[in-house]
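Take a look at this one; I'll ask things after.
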Amino acid sequence: MTLTVKNVTKTYGQQKALDDVSLELKQGEILALLGPNGAGKSTMMKIISCYLPQNQGEVWVCGHNVVTESLRVRELVGYLPENNPLYLDMYVREYLEFVAGLHKLGKNTKSRVDQMIEQTGLVPEQHKKIGALSKGYRQRVGIAQALIHDPKVLILDEPTSGLDPNQLVDIRELIKETGKHKTVLLSTHIMQEVEAVCDRVIIINKGKIVADAPTHELQLLNKSNKVIWMELEKEQNLELLKNIPGILDVQREGRTAARIFTQSEKDLRGDIFRFAVSNQWVIVAMRHEDQSIEQVFRQLTFEV
Ligand code: ADP
């Protein structure tokens, strides 16, 4: 295994950020850690990158323990922290040479920096100050610094947050391309990102893993939790549907339609129909829906 996390718990004072989390990552996988804000994603990534020690449990990267062999682990891991902290007054090339120096690349520095500039598409911007770059190019610099020592594992904490749609597509392409040669763990709360980039997804909520599946299987994961799409003739108080046993959540779609999340093996369309009739609502359409990752995510991280 390239990465093994076993029964890891992390608390900040009274706050439990990770609660007995275990996961394994094989070589070459691109795994998304998906979860709402505060779920524990960054904490997990900081522990794997040796920035924070866990309170309980063990983490190994390529068989090396993050606590007892942290220098070796730092050689094996490339890390792009959330918000990509960069030295804005440094030039792109100067900064990458500086990072190469931290990794003691010695005489390989120039060729490695050249290679990273080429690989991350920084050639046209390489002579600029980092502060003068767009957010998309800054992310490229962040990814280049994470890759400079040729790590086996790449950890990217929300690598596309704050990017415009074009930059987003470019950075996703870069991650996908990089992922062909590395093992990648990235965090995101953007569902489309998972579908666009990742082989596998772990959904984390309140410090616990609530789902772990190949991306294409996640839609099937909660087969028993059906989603029903319904449209009424007129606007009504759709929240009332939550009074029907087995209905978890009602998400409005425009004025008259709703997506209804149910937690039931039973088909609830009959119950919804009778409820509508008793309230004199006129249903003009109703159907079961295939679940997107977004819907599974909402169900699994929904506050019951
Ligand atoms: P995510 O990356 O999924 O948004 P985090 O790992 O940043 O989640 O945070 C998990 C929980 O731990 C949150 O409730 C957050 O407030 C808390 N937390 C994170 N860092 C600290 C810290 N340095 N001190 C205290 N609480 C923290």
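We count ligands from 1, going down the list as the structure has it; atoms in each ligand are counted the same way.
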*Per-atom contacts, ligand 1 versus A39 - under 4.0 Å to a heavy atom*: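 Contacts of ligand 1 toward A39, numbered from 1: 1 (P), 3 (O), 8 (O).
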*When the ring planes of F98 and Y87 are compared, do they come out parallel, tilted or perpendicular, using 30° and 60° as the limits?*
perpendicular
*May I ask you to list the atoms of ligand 1 that are less than 4.0 angstrom from any heavy atom of Q15?*
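Checking each atom against Q15, I get 14 (O).
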_Within-4.5 Å side-chain heavy-atom neighbours: L23 and L3_ =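 With C-beta onward as the side chain, the pair touches.
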*Could R287 and E289 be called an ion pair, given the rule that one side-chain N must be under 4.0 Å from one carboxylate O?*
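E289 and R287: salt-bridged.
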*Report yes if some heavy atom in the side chain of V5 is under 4.5 Å from a heavy atom in the side chain of M44; otherwise report no.*
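The answer is yes; the side chains approach within 4.5 Å.
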_Among all protein heavy atoms in this structure, tell me which lies nearest to atom 19 (C) of ligand 1, with the distance rounded to 0.1 Å._
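In this structure, atom 19 (C) of ligand 1 has Y12 CE1, 3.3 Å as its nearest protein heavy atom.
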_Could you work out, for atom 9 (O) of ligand 1, the closest of N37, D157, T43 by heavy-atom distance?_
T43
*Protein heavy atom under 4.0 angstrom of atom 11 (C) of ligand 1, is there one?*
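True for atom 11 (C) of ligand 1.
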*Think K10 forms a cation-pi with Y12, using NZ or CZ under 6.0 Å from the six-ring centre and within 45 degrees of its axis?*
yes
*Examine A17 against ligand 1 and note whether any of their N/O atoms are separated by less than 3.5 Å.*
no
_Heavy-atom gap P36 to ligand 1 smaller than 4.0 Å_ =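 True for this residue.
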*For the pair R93 and D114, find out whether any cationic side-chain nitrogen is under 4.0 Å from an anionic carboxylate oxygen.*
yes
*asked:* Under 4.0 Å between a side-chain nitrogen and a carboxylate oxygen: does that hold for R200 and E29?
replied: yes
*Decide, yes or no, whether a salt bridge links K182 with D150 under the criterion of side-chain N to carboxylate O below 4.0 Å.*
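D150 and K182: salt-bridged.
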*Can you tell me which residue and heavy atom of the protein come closest to atom 7 (O) of ligand 1, and the distance to 0.1 Å?*
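The closest one turns out to be S42 CB, 3.7 Å.
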*Of the protein's non-hydrogen atoms, which lies at the shortest distance from atom 4 (O) of ligand 1, and what is that distance?*
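Protein heavy atom with the smallest distance to atom 4 (O) of ligand 1: G38 N, 2.7 Å.
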*With a 4.0 Å cut-off on heavy atoms, is G40 touching ligand 1?*
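Under 4.0 Å: yes for G40.
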*asked:* Counting only heavy atoms closer than 4.0 Å, does ligand 1 sit against the backbone of E82, its side chain, both, or neither?
replied: neither
